[in-house]
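Reviewing the structure listed below.
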There are 2 protein chains.
Amino acid sequence: MTTKKFDSYSYLLDRTARRVKGYAQQRFASGNFDITVDQWLILKSLDNDRYLKQKELAEITGKDNPTLTRIIDLLCKKGLTERVTHKEDRRSFTVHLTAAGTVKLAELSPQVDDIRMKAWQNLTEQDYEQLKTILNKIYQNLES
Amino acid sequence: MTTKKFDSYSYLLDRTARRVKGYAQQRFASGNFDITVDQWLILKSLDNDRYLKQKELAEITGKDNPTLTRIIDLLCKKGLTERVTHKEDRRSFTVHLTAAGTVKLAELSPQVDDIRMKAWQNLTEQDYEQLKTILNKIYQNLES
DNA sequence: ACTTTTTAGTTGTCATACTAATTATTAGTT
DNA sequence: AACTAATAATTAGTATGACAACTAAAAAGT
C-alpha cells in the first residue's frame, strides 16, 4: 500500500511550516518587533503606498476574511494601518499604512530577511526551485 | 539581494500546509467523521493497543503539552480515548484507545489514506523524496 | 532526611484558522 | 422601480498553537 505514506507527508509538511513560523515568531519576540509574523505579512503587502481592499489583502496573503478583519483590527490598534472608506463601494474599506506603519516596515525589513534566511541555509539553489515547484503542484491539486 | 525571496518561500510553505490540512478537514466534515485532522493524528498514534504518556504523544505528534491536553480532552469527551493513571508515575496518565476509538480508527483509516492521497497526485516518486529531504533539512536548520 | 530542581500535566491568555450566520450595500433580473 | 442574488466586512463559535504560570509529584544534590 503506497497510500499510507501520504498521511505522514502531510504531517511532515505541517510540522515544518509550524517550525518555520514559530522560529520567526520567536525572533520577532526577542527583537521586540511588537508584531506577529502574520501581521508582518500584511504590512509587507501594503508597501509602496498601496490602498488595498480587505478582500484583495485576503487574496494576496492567502487568509480568509474573518482572519483578515482581526489582523487589521490589531494593526489599526497598534497604529500601523488605517481603514479608509472606499469611495465607490461603501461596503469596502481600503487599508493603508500609517506613517508609523511605513517606518516599522522599513525598520524591520532587513531584520526579517535575515531571520527568514536561517530556515533555508544549506539548501541549494536547486532545492529552492524544487521545493517551490512541488509546493505549487500540491496547492493546485487541492484547488477548488 | 537573494535574501528577499526567503520571506516568500516561508509564505508559500505556510499557505500550502494550511491548504493540505484544510482540504482534509473539509473532507472529514463532509464525511461526518466527527473528528478533526489533529485528533485523527492522535488516534493513529495510539494504534496497536498502545498506552502512551501525553508527553510521548506530544513528542510523536509534534505538539506541545497544552495543545495535547486539549485534544485529549476532546477525544475523551467523544469517548474515543481514555486516560489511565500511570502505575509508577503518579504525575502521568497514559492515553489509550477505547473500543469505540479502535472502531473509529479502523473505519476511517482507508478513507483518510484516500483523502490524503489527493494532495500528492501528479507528483513523482522523486518529488516525494526531494520534498521529504528538503523539509527535513529546513526543520533541522531551526532545531534549537 | 531535607532541600532543590525537574518533570508531567493543567489552566489561562492571546493570535490564528475555519465555518456559519448577519448586516449593509451593490449588481442583476424581471 | 421592485425584487432577488451576490458581495464586503463583521461577529460568533470552536479548534489549534504558542507562551507563561501553576500544581503535584518525582529525581537529584547535599
Side-chain angles (χ1 to χ4, degrees), chain A residues 11 14-30 33-42 51-59 61-78 83-95 142 144, chain B residues 11 14-30 32-42 52-59 61-78 83-95 142 144:
Chain A
Y11 159 65
D14 184 65
R15 187 183 76 150
T16 308
R18 265 189 293 124
R19 171 69 60 110
V20 168
K21 191 178 198 168
Y23 172 77
Q25 189 59 59
Q26 281 177 344
R27 294 281 304 268
F28 274 39
S30 70
F33 286 13
D34 263 327
I35 56 170
T36 66
V37 171
D38 295 289
Q39 289 162 17
W40 167 254
L41 182 58
I42 306 293
Y51 287 74
L52 292 175
K53 300 208 288 186
Q54 291 190 194
K55 194 74 188 175
E56 294 167 332
L57 264 175
E59 182 72 24
T61 59
K63 297 187 181 303
D64 60 11
N65 259 338
T67 302
L68 234 298
T69 294
R70 273 148 192 153
I71 295 179
I72 301 295
D73 282 348
L74 291 171
L75 285 174
C76 287
K77 199 179 294 177
K78 289 176 205 270
R83 285 190 173 93
V84 184
T85 46
H86 195 285
K87 284 157 196 70
E88 291 132 33
D89 188 343
R90 292 192 304 169
R91 289 171 305 183
S92 290
F93 295 106
T94 54
V95 184
L142 303 181
S144 57
Chain B
Y11 159 64
D14 184 64
R15 188 183 74 149
T16 308
R18 265 188 295 123
R19 171 70 60 111
V20 168
K21 191 179 196 167
Y23 172 78
Q25 189 57 61
Q26 280 177 345
R27 295 280 306 267
F28 274 39
S30 69
N32 295 312
F33 286 13
D34 262 327
I35 56 170
T36 66
V37 171
D38 295 288
Q39 289 162 18
W40 167 254
L41 182 58
I42 306 294
L52 292 175
K53 301 207 289 187
Q54 292 190 193
K55 194 72 189 175
E56 295 166 331
L57 265 175
E59 182 72 24
T61 58
K63 299 186 181 301
D64 63 5
N65 259 338
T67 301
L68 234 298
T69 294
R70 276 148 193 157
I71 295 179
I72 301 294
D73 282 349
L74 291 170
L75 285 174
C76 287
K77 198 179 295 178
K78 290 175 204 269
R83 286 189 172 93
V84 185
T85 46
H86 195 284
K87 284 157 195 70
E88 291 133 32
D89 187 343
R90 290 193 305 167
R91 289 170 307 183
S92 290
F93 296 106
T94 54
V95 183
L142 303 180
S144 58

Short heteroatom pairs, N/O only, protein and nucleotides 21-28 of chain C, under 3.5 Å:
residue : atom : partner : partner atom : Å
C:dT25  : O2   : A:Arg91 : NH1          : 3.3
C:dT26  : OP1  : A:Arg90 : N            : 3.1

Polar pairs (N or O, both sides) under 3.5 Å between protein and nucleotides 14-16 of chain D?
residue : atom : partner : partner atom : Å
D:dT16  : OP1  : B:Thr36 : OG1          : 2.7

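Between atom CD of residue B:Gln54 and atom NZ of residue B:Lys63 there is a gap of 14.0 Å, rounded to the nearest 0.5 Å. Considering NZ of B:Lys55 and CG of B:Leu57, their distance stands at 12.0 Å, rounded to 0.5 Å.
A perpendicular orientation is assigned to the rings of A:Phe28 and A:Trp40, their planes being inclined by more than 60° (bins at 30° and 60°).
Rounded to whole angstrom, the span from the CG atom of B:Asn65 across to the C1' atom of C:dT11 amounts to 12 Å. In this structure, B:Glu59 atom CD and C:dA8 atom C1' are separated by 14 Å, rounded to whole Å. Note: CG (B:Leu68) to P (D:dA18) measures 12 Å, nearest angstrom. Rounded to whole Å, atom P of C:dT10 lies 12 Å from atom CG of B:Leu57.
Backbone-only contact: A:Arg83 has heavy atoms under 4.0 Å from sugar-phosphate atoms and none from a base. As judged by a 4.0 angstrom heavy-atom cut-off over every strand, A:Gln26 is placed among residues touching the sugar-phosphate backbone only.
Distances shown here put every side-chain N or O of A:Gln25 at or beyond 4.0 Å from the OP1 or OP2 atom of C:dT16. Considering only side-chain N and O atoms, A:Thr69 lies under 4.0 angstrom from the phosphate OP1 or OP2 of D:dT10.
Under the side-chain hydrogen bond (donor to acceptor under 3.5 Å, both in side chains) criterion, B:Thr61 pairs with no residue, sequence neighbours left out. Applying the side chain to side chain contact (heavy atoms under 4.5 Å, CB included) test to B:Asp34 and every residue at least two apart in sequence or in another chain returns B:Lys104.
Each end of the helix from C:dA1-D:dT30 to C:dT30-D:dA1 gets its own axis, taken as the rotation carrying the C1' atoms of four end pairs onto the next four within a five-pair window, and the two axes meet at 20° to the nearest 10 degrees.
Using modelled atom types and a 3.5 Å distance limit, the side chains of B:Tyr23 and B:Arg27 yield a donor-acceptor pair.
Contact annotation: the side chain of A:Tyr51 never approaches that of A:Val95 to less than 4.5 Å [non-hydrogen atoms, C-beta and beyond].
Taking the nucleotide of DNA chain D with the nearest heavy atom to each of A:Phe93 and B:Asp64, the more 5' of the two is matched to A:Phe93.
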All N/O donor-acceptor pairs, side-chain side in residues 68-77 of chain B, below 3.5 Å, sequence neighbours left out:
residue : atom : partner : partner atom : Å
B:Thr69 : OG1  : B:Asn65 : O            : 3.1
B:Asp73 : OD1  : B:Arg83 : NH1          : 3.1
B:Asp73 : OD1  : B:Arg83 : NH2          : 2.9

